[in-house]
Amino acid sequence: MPECDGDTIIRFREVSKHYPLPSGDVVALDRVSLDIMKGDFIAIMGPSGSGKSTMLNLMGCLDTPTSGDLCIKGRNIRGMSDEELTLLRRDHIGFIFQQFNLLPLLTALENVQYPLILKTGSRECVERCRTVLQAMDMDEELTSHKPSELSGGQQQRVAIARALVNDPEILLADEPTGNLDSKTGTAIMRLLDTLNREEGKTIIMVTHDPAIAEYAHRVVRIVDGRIT
Ligand SMILES: Nc1ncnc2c1ncn2[C@@H]1O[C@H](COP(=O)(O)OP(=O)(O)O)[C@@H](O)[C@H]1O
Ligand SMILES: [Mg+2]
C-alpha cells in the first residue's frame with residue numbers, strides 16, 4: 001500500500017466490510033477507495049443501509065475492514081492490536097451521534113470530563129471541560145444538569161464538547177442533526193463549520209439532508225456499499 005503521509009489523514013484502499021450472517025454474508029462496504037485530507041469537511045450521503053455508518057465506524061477504529069487497507073494519520077490499521085486501536089481512537093478521533101449518547105446519570109460537566117478521566121485517570125480537568133462547554137455556548141448553570149434536563153440542542157452541544165475535550169484532529173458525526181428541529185440543527189452545523197474553519201478539524205459527517213450536506217466541502221455518495 002502506498003504510504004499515506006503528507007496531508008492525507010484518512011485513506012481507504014479497496015476496503016470491504018462483510019458481516020457474517022447465518023443466511024450468508026452481508027457486504028456492507030465493497031472495495032471502497034477514498035482519500036480524506038487534513039482540514040476536509042466531508043458529507044457522506046446515501047440511502048438507508050448503503051454502508052454510511054459502517055464507513056464511519058471503520059474511520060473511527062470502532063471496527064476493522066474485512067479486506068483492503070485503511071490508513072489513519074499515516075498508519076495502516078491492519079495488524080494493530082485492540083489496545084493500539086483504542087489509543088488511536090482516544091487521542092485522535094471524536095464522535096458525535098444522532099442520539100447524543102450521553103451517560104444519563106452524569107451531569108453535563110461529568111459527561112465532558114469522562115473521556116479525560118479515562119485518559120488521565122484524574123478528575124482534575126474541570127477548567128478544561130468548562131472552557132470547552134463554554135465554547136459550545138452552554139450556559140454555566142446548565143453544566144450541573146443531567147441530560148434529561150436539557151433540550152436536544154443542548155445535549156448535542158454537550159456531546160460535541162465531550163468529543164472535543166481530548167482535542168482530536170478528526171471529528172466523525174453520524175446524522176448529528178437527525179434528532180433536532182431545523183433551527184437547532186442549523187446552530188449545531190454553524191458550530192461544526194467554525195470548528196472546521198477556525199480550528200482546522202477534519203470533519204466527516206453522515207447525513208441524508210441536502211441542506212445539511214451544503215456545509216461540507218465535498219459530498220461522497222454511497223449506494224449498496226460502493227462509492228458512486
Ligand atoms: N453488525 C452488523 N451485523 C450485520 N449486518 C450489519 C451490521 N451492521 C450493519 N449491517 C448491515 O450492513 C449494511 C450497511 O449498514 P449501515 O452501514 O448501518 O448503513 P447506513 O448507515 O447507510 O444506513 C446494511 O445492510 C446493514 O443491515
Ligand atoms: Mg447509519
Side-chain angles (χ1 to χ4, degrees), residues 9-36 40-72 77-78 80-82 85-86 88-89 92-102 147 152-153 155-156 159-160 162-163 168 170-182 184-186 188-189 191-192 196 201-228:
I9 195 160
I10 300 176
R11 169 170 287 177
F12 284 73
R13 278 291 177 275
E14 297 276 312
V15 169
S16 294
K17 179 69 189 177
H18 298 186
Y19 293 107
L21 287 183
S23 51
D25 277 13
V26 177
V27 181
L29 280 186
D30 187 11
R31 287 163 292 157
V32 163
S33 295
L34 176 69
D35 279 356
I36 297 173
D40 259 347
F41 190 162
I42 291 183
I44 301 177
M45 300 190 79
S48 177
S50 57
K52 305 182 295 296
S53 295
T54 299
M55 228 177 135
L56 217 61
N57 291 343
L58 292 175
M59 290 183 201
C61 304
L62 292 171
D63 211 342
T64 52
T66 306
S67 63
D69 287 291
L70 173 55
C71 216
I72 296 169
I77 70 162
R78 181 199 294 277
M80 275 194 197
S81 66
D82 283 349
L85 289 171
T86 302
L88 185 60
R89 185 165 64 229
H92 302 289
I93 299 165
F95 290 91
I96 303 161
F97 303 94
Q98 177 172 1
Q99 310 287 352
F100 321 130
N101 292 12
L102 298 174
Q155 289 185 62
Q156 196 59 301
I160 297 172
R162 177 183 58 184
I170 302 168
L171 277 182
L172 304 178
D174 202 342
E175 300 269 7
T177 62
N179 268 343
L180 304 175
D181 61 73
S182 75
T184 310
T186 299
I188 293 297
M189 288 315 301
L191 266 180
L192 294 181
N196 172 254
K201 302 290 184 199
T202 304
I203 302 182
I204 301 105
M205 165 183 76
V206 167
T207 183
H208 59 251
D209 183 341
I212 294 296
E214 289 210 351
Y215 286 86
H217 307 154
R218 180 151 68 107
V219 176
V220 171
R221 288 178 201 281
I222 173 165
V223 177
D224 290 338
R226 310 200 67 164
I227 290 180
T228 61

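Counting starts at 1 for both ligands and their atoms, following the listed order. In this text, all values refer to a predicted model and were calculated from it rather than measured experimentally. Values below: every heavy atom of this structure, side chains too, minus hydrogens, waters and symmetry copies.
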Would you say the side-chain atoms of Q156 pair up with the backbone N or O of F97, donor to acceptor, closer than 3.5 Å?
yes

Tell me, yes or no, whether the heavy-atom count around D224 atom CG, taken from other residues, nucleotides or ligands under 6.0 Å, exceeds 12.
no

Identity and separation of the nearest protein heavy atom to atom 16 (P) of ligand 1:
T54 OG1, 3.7 Å

More than 12 foreign heavy atoms under 6.0 Å from NE2 of H18: is that the case here?
yes

For atom 4 (C) of ligand 1, the protein heavy atom that lies nearest, with its residue and separation
Y19 CB, 3.4 Å

If you measure from each heavy atom of G225 to ligand 1, is any distance below 4.0 Å?
no

Under 3.5 Å donor-acceptor, K52 side chain and T207 backbone:
no

Side-chain donor/acceptor of T202 to backbone N/O of I170, under 3.5 Å:
no

Is the distance between the Mg ion (ligand 2) and the nearest N/O/S atom of S53 smaller than 2.8 Å?
yes

Give the single entry among G49, S48, P20 that approaches atom 24 (C) of ligand 1 most closely by any heavy atom.
G49

Within the protein, is there a heavy atom lying under 4.0 Å from atom 22 (O) of ligand 1?
yes

Could you go step by step and tell me if D35 and R13 meet the salt bridge (Lys or Arg N to Asp or Glu O under 4.0 Å) rule?
CA-CA 9 Å; D35 279 356; R13 278 291 177 275; 3.2 Å; yes

Proximity of V26 to ligand 1 by residue part, where a heavy atom lies under 4.0 Å
side chain

Nearest protein heavy atom to atom 18 (O) of ligand 1, by residue and atom, and its distance?
S53 CB, 3.8 Å

State the atoms of ligand 1, each with its element, that fall below the 4.0 Å cut-off from a heavy-atom position in P47.
22 (O)

Minimum-distance protein heavy atom relative to atom 12 (O) of ligand 1
A28 CB, 3.4 Å

Ionic contact status for D25 with K17, cut-off 4.0 Å:
no

Counting non-hydrogen protein atoms only, what is the nearest one to atom 19 (O) of ligand 1? Give residue, atom name and distance.
G51 N, 3.2 Å

Sub-3.5 Å donor-acceptor pair from the side chain of S33 to the main-chain atoms of E14, do we have one?
yes

For atom 26 (C) of ligand 1, decide whether some protein heavy-atom distance is shorter than 4.0 Å.
no

